[in-house]
Trainee: 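What follows is a single structure, and I will ask about it in a moment.
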Amino acid sequence: MNPLLEARGLNLRFGAVDALLDVSLDLYPGEVVGIVGESGSGKSSLLKVLAGMQGADGGCVTYTDAVGTDHDVLNISDAARRRLMRSEWGFVHQNARDALRMNVSAGGNVGERLMAAGARHFGKIREEAAHWLGRVEIDASRMDDLPRTFSGGMQQRLQIARTLVTRPRLVFMDEPTGGLDVSVQAKLLDLIRSLVADLGLAVLLVTHDIAAARLLSHRIVVMRHGRIVEEGLTDRVLDDPQHPYTQLLVSSVLAA
Amino acid sequence: MIVLRTNGLGKSFTLHLQGSVTIPVLENVELSVRAGECIALTGPSGAGKSTLMRCLYGNYGAEAGSIHLRHRDAEIEMTAADPRMMREIRRDTLGYVSQFLRVIPRVATRDIVAEPLIARGTPRDAALARATELLRRLNLPDALHDLPPATFSGGEQQRVNLARGFAAGHPIMLLDEPTASLDAANAEVVIQLIQEAKAAGSALVGIFHDLPVRDRVADRLFTVEPIRKAA
Amino acid sequence: MNIPVNPVAEQLAGYNFAYLDEATKRMIRRAILKAVAVPGHQVPFGAREMPLPYGWGTGGIQVTASILGPRDVLKVIDQGADDTTNAVSIRRFFGRVAGVRTTDRTREATIVQTRHRIPETALREGQVLVYQVPMPEPLFRLEPRVSETTRLHALGDYGLMQVRLYEDIVKHGEVATAYNHPVMVNARYLMSPSPIPSFDNPKMHMNPALQLFGAGREKRIYAVPPYTAVQSLDFEDHPFRPIRAPHACALCNSTESYLDEVITDDQGGRMFVCSDTDYCAERRGE
């Protein structure tokens, strides 16, 4: 099997700071990779570069689409990147408000990606939107309500429905449970876990929450100062961390 | 046929946060297990039996030596296997049977138990039927099969995890105190399950604190020697 | 430049023909040519200050001024009527600064400048319809960033507009845009038809006349060349329907024209009459 996404030798500098230093990463279909590290470790920069939202000073990123065509993500045209973003990719932001249209109903938010992809049958769009709202456990009776009347956890679930409605192959998640109450986080993680497994999604998950990474990812990449300092099978990295920084990271969370 | 073998396996832990002190746990472990055989690990508490089990499962990274495992008619050297290969091995070949596996939240008990079988390609209906059979044998009331185990008693959750561990019938199974704290009736069921697995050709490696149980299932003992700690 | 003597009216002394200087007109004509070449695409232009306030048709007037020739016959309508203040003022303006002949008759005009209507009488080849446009950007209100709307047009990414129609149906049971209903031009660019009633939208499709749109405050020109496909946005199961009051004109009895509702007293009395005064008058044989 060939990787879906292949990054080689990524470098990125912000002034005197190395955001990424010789980072390489492969992601295979159906694989969930957690990128962990503290703020400033470069994990968010890595996600943005891999998603083509941010350039790099060196290296390359190749995405192989559903029909087997390779895309040079770092040199992709805006048009091609947007096409990927609304068909093969999804992006789940930490803050749902960054992704949702707050003055558009929940159903409209979910339907937007379908309409952007050319859907023009109102009834079918609604049916599909209702289906996805159901999958993220939002009651169908809330379909025509504005997201601003939703709780934070609901907004995040709405964002996930909006992302998954076009059945992407690869989903980028940037701290998807950050900023939510702990009880809400747990429920959301369960939901993400079951959706990802059911749909066979490949996911790049950026998080500083080790428990979230353990629950969701098959494989973990630990970043520090722009470098990957350790990577491997999730339970191996977390239960038998090798690098001093990983040991620090793991020891600083309560047993999950 | 030998399906699992270690060669000079060594493991120590370097605690970087505590002055980089290195704690050696395993040294030069030479273990080999045949299909249809059950080996019980023995040795004093703290000798590294659990660490060895975890190394065999890939949960701990081996530091020296190698682990050879028969996977899909080929021998794989596990310490060099990448994470994707490890996931494949765990799905198809190598099972970990414990009472203390993490419960997956919000999934019905029957589905939790059937999941490893489905992952190995068993049709859903057959997998669910097998799950029901195992849960009944472990005396979990039918009324609970469709509920998530999160609200179950500790004992019930343990039996769910045992059912899940035995469900897939992996060719190689690691048994981590499978009968600890079970009542006699359920311990008896687990003993039967182990004997059935052996009869089906699975190779088993286990830690059994319950000596009568150990003596009934184990074909051989393998002693894990404590390392004389270096300064 | 040697401008032929106008056969009808005398041009006001001290002003260039049609008010704007020739260099400005040339600049605007270049923008128009580009707009015609890329149907539905908004072309920026250096809009001048005109002797009337924004919102009164500064964009339309500059377009008209730039394409006007001495032999043109100009008609100006405001919501279909030739006799409202805006229409009368603009007509008189061009009568004075260009000395061109003006008319109320759609079929006599070579250029029709309009605010918010398309005449009922079918236009023909060679005629030009100049729309006054307050807000050229159809994605305005949906996407506040101009840089982003520009990008959405470049990529033909119009899901957002469809979302607005979706929301209309959710809220009102149907697409509620009675006017300014967005259209796709030549299956490529999303375009605001200016605030014409949706009743008029179908008239834009494959029209033999050249349709030019001028937005003075927003400094944009766009165009629909003759015989260009113009499709109103809709859903398969909620097809676009032009809206018309279900009455006959109280004056000419037309059941096909777009009607204005006129309140006749304070007792709730009202009548429906053609919005297009010329069409109505012609039917009545005036």
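Note that the structure is a prediction, hence the values are computed from the model and not measured. Residue numbering restarts at 1 for every chain, and letters A, B, ... go by the order of the sequence lines.
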Trainee: Are side-chain heavy atoms of C:Tyr166 and A:Leu114 found at a separation under 4.5 Å?
Mentor: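 Contact flag for C:Tyr166/A:Leu114 side chains = no.
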Trainee: Tell me, side chain or backbone of A:Arg101 under 4.5 Å from chain C's heavy atoms, or both, or neither?
Mentor: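 The side chain, not the backbone.
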Trainee: Picking from A:Gly107, A:Ala117, A:Gly111, which has the most non-hydrogen pairs under 4.5 angstrom with chain C?
Mentor: A:Gly107
Trainee: Determine the option with the most heavy-atom pairs under 4.5 angstrom with chain C, choosing from A:Glu112, A:Lys124, A:Arg83.
Mentor: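 Highest number of pairs under 4.5 Å: A:Glu112.
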Trainee: For side-chain contact (heavy atoms from CB on, under 4.5 Å), just list the numbers for A:Arg82 and C:Leu152, CA-CA rounded to whole Å, side-chain angles, deciding distance to a tenth of an Å, and then say yes or no.
Mentor: CA-CA 10 Å; A:Arg82 281 173 182 244; C:Leu152 292 176; 3.5 Å; yes
Trainee: Please classify the contact of C:Arg151 with chain A as side chain, backbone, both or neither, using a heavy-atom distance under 4.5 Å.
Mentor: side chain
Trainee: Can you pull out the residues in residues 148-163 of chain A with any heavy atom less than 4.5 Å from chain C?
Mentor: none
Trainee: Minimum heavy-atom separation for A:Ala116 and C:Asp157, please, with both atom names.
Mentor: CB-OD1, 4.2 Å
Trainee: Does any backbone or side-chain atom of C:Glu167 lie under 4.5 Å from a heavy atom of chain A? Answer side chain, backbone, both or neither.
Mentor: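 Contact with chain A involves the side chain of C:Glu167 alone.
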Trainee: Measure A:Arg113 against the heavy atoms of chain C and call it side chain, backbone, both or neither at under 4.5 Å.
Mentor: neither
Trainee: Which residues in residues 209-245 of chain C have any heavy atom closer than 4.5 Å to a heavy atom of chain A?
Mentor: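 Within residues 209-245 of chain C, near chain A: C:Asp234, C:Phe235, C:Glu236, C:Asp237, C:His238.
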Trainee: Between C:Val170 and A:Arg126, is any pair of side-chain heavy atoms under 4.5 Å apart?
Mentor: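 The answer is yes; the side chains approach within 4.5 Å.
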